[in-house]
Amino acid sequence: MRLTVSFGAEMASSIAVCRLHMTGRGSLVKCLKKVDTLLRRNIGTNAVVAQGEALCKEESDVKDGSQSLYAVQAKRQEQAERSVLISCLSKTNEKKFVKYLSKYGDIQKYFFYESYGMYAVIEYTNQESVSSLLEDTAFPSFSHECMVPFKSRLLSLRNIGSADSAHRQLCQPQTTVPINTLIERLSREESIDQQVTALTEAYQLTEENIRLRFLVCSLLKDIAAAYFPECSIKPFGSSVNGYGKLGCDLDMILDLDGISGRKAKMPKAGLFMEYQMKSENSERDVTKSILSVIGECVDRFGPGCVGVQKILNARCPLVRFSHQPSGFQCDLTANNRVAIKSTELLYLYGELDPRVRSLVFTVRCWARTHAITSSIPGAWITNFSLTFMVLFFLQKRSPPIIPTLDHLRALAGPEDKSLIEGNDCTFVSDFSKIRPLSNTETLEKLLCEFFEFYSTFSFSQKSINVRKGKEQNKPEVAPLHIQNPFETSLNVSKNVNAVQLERFIALCQESSWLLQQSETRTPGVSTDGNTATPWGLATLLMPSQIAAVRSGKKRRREPASERIKGLLESLKKDN
């Protein structure tokens with residue numbers, strides 16, 4: 001079917017209006033860019049029509065704050081089951097590529113990205129199209145190598161005959177922009193509120209990156225399903241709670257709770273059947289056995305999975321590996337149910353008020369810039385701890401911006417009840433039961449107050465508790481104590497030492513002072529009139545600016561020291 005130019009323009013216009021309505025302020029430019037991309041792509045195929053029609057529906061679903069995390073995950077998993085991941089040639093002709101794949105069924109969405117080469121994610125409208133494509137897919141034709149005959153939905157595109165002409169695809173970003181580029185971008189904004197919003201948009205996971213994460217989980221599930229056909233593998237943590245940064249690790253959980261037969265009712269009398277199964281001494285031993293086997297399969301059979309490590313003696317046993325086709329560093333665990341509830345709680349807080357995620361992204365970026373956090377395990381404050389520090393601060397506002405966990409528990413119904421290994425993990429999942437709070441403070445004010453709040457917080461005596469929303473006496477001797485909201489006997493920041501906490505406090509003090517200065521609160525333009533002078537949030541992301549504050553403070557203390565010295569000398573003379 002051939003589309004006319006007038007129909008293509010009409011389609012683009014409807015997409016623009018739909019996306020603008022749903023994404024709100026600040027999304028018009030992004031919308032027009034995506035419409036322009038659609039028009040420049042092949043408008044003569046059904047694939048692009050399906051992609052355009054799906055665009056509005058997907059934005060509506062993702063932006064619908066009333067959806068629970070489970071509903072979002074179920075939708076994403078279903079999309080992943082209808083998708084394939086294809087390694088493409090560097091000069092793949094996009095129009096020819098889409099036309100070839102469309103013969104197996106209607107394409108719902110597709111996009112390209114780069115990771116050790118060019119890749120494309122193709123989502124079909126139905127799963128039968130994936131099966132049809134796989135039926136036509138051949139084994140690699142390398143006679144000099146012995147291949148493991150494991151079929152997956154990770155495919156490679158080959159071209160027989162003449163090579164296509166050079167054609168560069170529009171690749172979706174998989175990593176964040178460099179800090180210097182971000183500072184330049186923030187310096188052009190007109191307010192600190194806009195700077196915080198721009199930082200969030202630049203750092204948060206894109207729609208395409210989220211789809212890729214669920215697809216990697218689905219590909220891994222195909223391996224695990226050989227042993228546990230009814231299992232599922234789901235992402236948790238930053239990949240789905242709304243606070244994930246482009247390039248963050250992919251944390252996954254092998255979920256075996258949905259296997260049929262677990263809840264089968266035993267009859268009061270008569271015959272019935274049971275499966276014969278092997279037993280272990282503890283659930284931890286069961287988890288270790290399962291992960292050991294799955295890890296071996298991933299290492300031996302998983303295409304693109306390299307550097308597999310089975311870390312089974314950790315507090316939470318896991319399998320760690322790199323998935324080269326996606327570029328993700330992956331951690332697979334099993335039966336980590338408390339982590340799933342923590343993910344759901346953070347997701348809920350982020351959905352209640354957009355300022356929550358914006359402030360978390362900003363504080364995390366600021367912390368990484370000044371080496372408060374690190375990707376290497378150690379005595380540093382973690383992103384997880386920082387997130388709970390932000391949540392606690394927002395609970396302490398007057399009026400609060402988010403409710404306490406105890407309040408969310410009080411709103412829970414019978415369907416929300418959750419008891420995991422003796423820990424009460426119950427809280428409401430129905431957003432309509434949570435009454436919106438009346439705090440209207442700006443992001444600028446919240447950022448300033450965050451640094452001021454923790455500049456003077458009594459870390460030596462008090463513990464941070466998001467369940468109660470108030471400080472409590474520290475139950476143990478540790479520089480920083482943040483109570484785990486579900487496993488309340490645990491301190492999520494137990495790894496942090498006194499030196500790192502002192503660095504955090506000092507940087508909060510210096511950042512607070514810097515934001516109070518008039519010259520850093522006002523946008524400016526450099527002398528050449530082309531580049532913007534860093535101001536506001538941009539200055540906080542420059543270590544040189546913080547260093548200048550430190551040296552300035554030292555210089556300001558010198559006159560007072562000289563005066564004291566002079567006073568002492570004068571007293572000596574009088575005596």
For F504, ring-ring contact (aromatic ring centres under 6.0 Å, His included) partners two or more places apart
none
Which distance, rounded to the nearest 0.5 Å, do you find between the CG of N465 and the CG of L405?
9.0 Å
Given 3.5 Å as the limit, does a donor-acceptor pair link the side chain of S129 with the main chain of Y124, or not?
no
Assess, by modelled atom type and distance only, whether the side chains of T426 and D424 contain a donor and an acceptor separated by less than 3.5 Å.
yes
Any donor-acceptor pair under 3.5 Å from R262 side chain to L256 backbone
yes
For a quick test of reading the model, state the closest non-hydrogen atom pair linking R357 to G242 and the distance between them.
CD-O, 3.2 Å
Under 3.5 Å side-chain donor-acceptor pair for S260 and E230:
yes
Side-chain heavy-atom pair L408, I434 within 4.5 angstrom cut-off
yes
Checking K341 against F427: charged group under 6.0 Å from the ring centre and within 45 degrees of the axis?
yes
Kindly assign one of parallel, tilted or perpendicular to the pair F393 and F450, based on the angle between their ring planes and the thresholds 30° and 60°.
perpendicular
After noting the C-alpha distance and the side-chain angles of V298 and V319, does the key distance pass the side chain to side chain contact (heavy atoms under 4.5 Å, CB included) rule?
CA-CA 9 Å; V298 170; V319 174; 5.5 Å; no
Please answer whether the main-chain N or O of T488 pairs with a side-chain N or O of N423 as donor and acceptor at a distance below 3.5 Å.
no
Any donor-acceptor N or O pair under 3.5 Å, side chains E81, S218
yes
About how many Å separate CG of D249 and OG of S238, when rounded to the nearest 0.5 Å?
8.5 Å
Heavy-atom count around K288 NZ within 6.0 Å, excluding the residue itself: above 12?
yes
Below 4.5 Å, heavy atoms only, C-beta onward: do P399 and L437 meet side chain to side chain?
no
Output the distance between atom CZ (R355) and atom OG1 (T362), rounded to the nearest 0.5 Å.
13.5 Å
Contact check, side chains of Q67 and E351, non-hydrogen atoms, under 4.5 Å:
no
Among L318, I311, I253, which residue satisfies the side chain to side chain contact (heavy atoms under 4.5 Å, CB included) criterion with D331?
L318
Does a donor on one side chain sit under 3.5 Å from an acceptor on the other, for S432 and D430?
yes
For N484, is there any backbone N or O sitting under 3.5 Å from a side-chain donor or acceptor partner on R467?
no
Mind checking whether K109 and E208 have side chains closer than 4.5 Å, heavy atoms only?
yes
Taking the six-membered ring where the residue is Trp, are the ring centres of F453 and F457 under 6.0 Å apart?
yes
Distance-only side-chain donor-acceptor flag, Q174 / S115, under 3.5 Å:
no
Is the shortest side-chain heavy-atom distance between Q483 and F392 below 4.5 Å?
no
Side-chain heavy atoms of R213 within contact of L205, under 4.5 Å
yes
Rounded to the nearest 0.5 Å, what separation is found between the CG atom of L332 and the CZ atom of R320?
11.5 Å
Q395 side chain to P403 main-chain N or O, any donor-acceptor pair under 3.5 Å?
yes
Check whether the side chains of N241 and T343 place a donor and an acceptor atom closer than 3.5 Å, and report yes or no.
no
Go through the steps to decide whether L352 and L348 satisfy the test side chain to side chain contact (heavy atoms under 4.5 Å, CB included), and finish with yes or no.
CA-CA 6 Å; L352 289 180; L348 183 147; 3.6 Å; yes
Point-to-point distance, once rounded to the nearest 0.5 Å, from CD of E128 to CD of E135
11.0 Å
Validation row: F236, D255 side chains within 4.5 angstrom (heavy atoms)
no
Going through the checks in order, is the side chain to side chain contact (heavy atoms under 4.5 Å, CB included) test met by Q79 and Q108?
CA-CA 9 Å; Q79 288 174 339; Q108 184 81 1; over 6 Å; no
What pairs with F321 under ring-ring contact (aromatic ring centres under 6.0 Å, His included), at least two apart in sequence or on another chain?
none
Any non-hydrogen side-chain atom of L134 less than 4.5 Å from a side-chain atom of L155?
yes
When rounded to the nearest 0.5 Å, the distance separating OH of Y113 from CG of N209 is 9.5 Å
For residues R364 and T387, is any side-chain donor paired with an opposing acceptor at under 3.5 Å?
yes
Is the number of heavy atoms from other residues, nucleotides or ligands under 6.0 Å of K151 NZ greater than 12?
no
